[in-house]
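By convention in this document, chain letters (A, B, ...) are assigned in the order of the sequence lines, proteins followed by strands, and residues within each chain are numbered from 1.
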Amino acid sequence: MTISKTSSGSRARTFLTRLEGPQTMGRGPAFWIAVTVAAAAAAAYPLIADAWTVGNAAYFLIWTFMAMGLSVIWGYAGVLSFGQTAFFGLAGYAYGVITLNLGAAYGLTILALVLAVVIGGLFALVIGYFMFYGRIQGVFIGIVTLSVTLVLETFMAQTAGPQWRIGEARLNGFNGMSGMPPLTLPWFGGDIVLYPGPSLYYLLLGLVVVSYLGLRIMLNSRFGNVLVAIRENPHRVAMLGYDVRLYQTLAFAIGGAFAALSGALYTAWGQYITPSSMGLTSAALPIVWVAVGGRRDITATLIGTIIVLAGFQMLTIYGSQYALIVMGGLLLVTVLVAPQGLVVGAMTLLGRIFRRGKS
Amino acid sequence: MTEILKVHGLRKAFGGVVVANGIDFSLSAGAMHCLIGPNGAGKSSFFRLLLGEHTPDAGTITFDGSDITGLRSFQRIRRGISVKFQVPGIFKALSVRQNLEVAFQEHRHGQSLSATVREMLDFTDLRGEDKTPAGILSHGQQQWLEIAMAVGVEPKLLLLDEPTAGMSPDETRKTGEMLHDLNSRGITILAVEHDMAFVEQIARRVTVLHFGSIFAEGTIAEIIDHPGVQEIYLGAADD
């Protein structure tokens, strides 16, 4: 028993040491103090902001899962995918269909959320399997994934007729589905309904923290080591005895599951989902968020996505087309000036200044 | 001595170009063997066929008693064949340590990964460079790093495609010592090489390939004295 306790303790320590590693920026007490302060500030935000603003902040958090998933697929595994919105949209619709049929009692919305993520993740697994085991590589991955999301958009857009229903849920074609319940938590004396506001914000903040830390551990694990090695030289990885196709498929499925989480949460947040969530513009935006922040680092992706989303929303007030042009410009500037990402560039610069100050 | 590799009637053609023309070849376990021949003789293609990167049109490859002709590359590597390419196939953006960790993490269950990495840093004389991005190592160091990575899969057979290409005489001599060290640990070595001095340093037996066929085979002295080999290869070795 003692031996087993010691070994499980040592395993837990090994597990936690993977919070830091070569695949993720940021290490040491100063970094973790900064992370804690940022998380505490985010937790304190609802105390100083009104409910609408907090609900809006929750909206930003929803998208970070899709961005972090894309960082895993594109930044770490080196596979540029335009298909995150396919899994986002599928999970969004799945949440709607399940909740409209099952209702919101007894925490069934949480079950719907989990099922939607599983459905989105499994779809990503199947698409990934056919792509990677079918030897599709490079730019063709981008073409196939973009086609998948556009086909889904086109399909959902033609489901306006009354025959397009799953149980109680009408798919409603281009107008989209609405009327599904928000997330509910079963509680003594009545369910807690998580409308956009502080309660949903706290749930999302918790999910972001857990996802971020979980991904750091995964990316610094042996699995993460192999992913970045595949990005650098897939031929050599195969010649070290790894099945590259399997690793790429798993990375694609994990990234897709995170996009699905975003999709299901988005539907629960707005009680609304339309085919345009899988359209061309929607498919391109995650690429911009992740590239601008720094696709090869999960922290840079997280920070960059929130900043770009907030900027995008501010610009949208002056016109959504105008905001899209700025996003395109931002992508161009990133590619030309800081191809590793603006947040990564800033963090590297800060690190250099900090080290110089110390020496 | 038992045969670790046996190739029978191996044939591969790309259109009208025949890169392997019914090769019959065998290698004893524990051998240090060199493969030489003029450019275009089919040496690298032969390696690709052994590694499963090319599918043969005919013939069989038996490794360690099993037919591996239909296996994929990674499956052959898991059976115990490893390779060092002519152009260093390392992960240039990753540190030397990360390169070694990826190579060794699945194959060293008896020893901790960090202990194995330390051992290989010593073996390759790269201690002190463990945090250096592999892409900025000197050419010779990159070659050594890749040899160390190739050892990571605990191979029974190590294929080396021109392991000393672009190396200084000192680096070449040291590479030879490394390969003798690996051979003394029980790893069979098959190397494609142009540098005859290096071939003399490492090989007990040499096979000459020409137009995708075995042209001659023997000890280094027999090969050097072979008039046909002189004509097709050694006479033109200095161009």
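Residues of residues 241-249 of chain A lying under 4.5 angstrom from chain B, judged on non-hydrogen atoms, are A:Gly241, A:Tyr242, A:Asp243, A:Arg245, A:Tyr247 by number. Residues of residues 133-144 of chain A that come closer than 4.5 Å to chain B, counting heavy atoms only, are A:Arg135, ordered by residue number.
There is no contact between B:Arg79 and chain A, counting heavy-atom distances below 4.5 Å. With a threshold of 4.5 angstrom between heavy atoms, B:Val153 approaches chain A through side-chain atoms but not through N, CA, C or O. For a residue to count as touching a neighbouring chain, one of its non-hydrogen atoms must lie under 4.5 Å from one of that chain's; by this rule B:Glu53 touches chain A with the side chain only.
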(Q) For a side-chain contact (heavy atoms from CB on, under 4.5 Å) check, start with the C-alpha distance between B:Glu101 and A:Val226, then their side-chain angles and the critical distance, and finish with the verdict. (A) CA-CA 9 Å; B:Glu101 282 178 352; A:Val226 178; over 6 Å; no

* Asked: Taking it one step at a time, do B:Ile77 and A:Met239 satisfy side-chain contact (heavy atoms from CB on, under 4.5 Å)?
  -> CA-CA 6 Å; B:Ile77 304 295; A:Met239 291 300 159; 3.8 Å; yes

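In the displayed structure, B:His8 atom NE2 is contacted under 6.0 Å by at most 12 heavy atoms of other residues, nucleotides or ligands. Heavy atoms from other residues, nucleotides or ligands lying under 6.0 Å from NZ of B:Lys174 number more than 12. Under a cut-off of 6.0 angstrom, the local environment of CZ in B:Phe123 is crowded, with over 12 non-hydrogen atoms contributed by other residues, nucleotides or ligands.
Applying the salt bridge (Lys or Arg N to Asp or Glu O under 4.0 Å) test to A:Arg18 and every residue at least two apart in sequence or in another chain returns nothing. For the ring pair (Phe, Tyr, Trp, His ring centres under 6.0 Å) test, no residue two or more places apart in sequence or in another chain qualifies with B:Phe91.
If you tally non-hydrogen atom pairs under 4.5 Å between each of B:Ile81, B:Leu94, B:Leu51 and chain A, the highest count goes to B:Leu94. For the options A:Arg231, A:Arg236, A:Glu232, heavy-atom pairs under 4.5 Å to chain B are most numerous at A:Arg236.
Residues A:Arg222 and B:Gln105 share a closest heavy-atom pair of NH1-O, 2.7 Å. Of all heavy-atom pairs between A:Asn225 and B:Val102, the closest is O-CG2, 3.6 Å.
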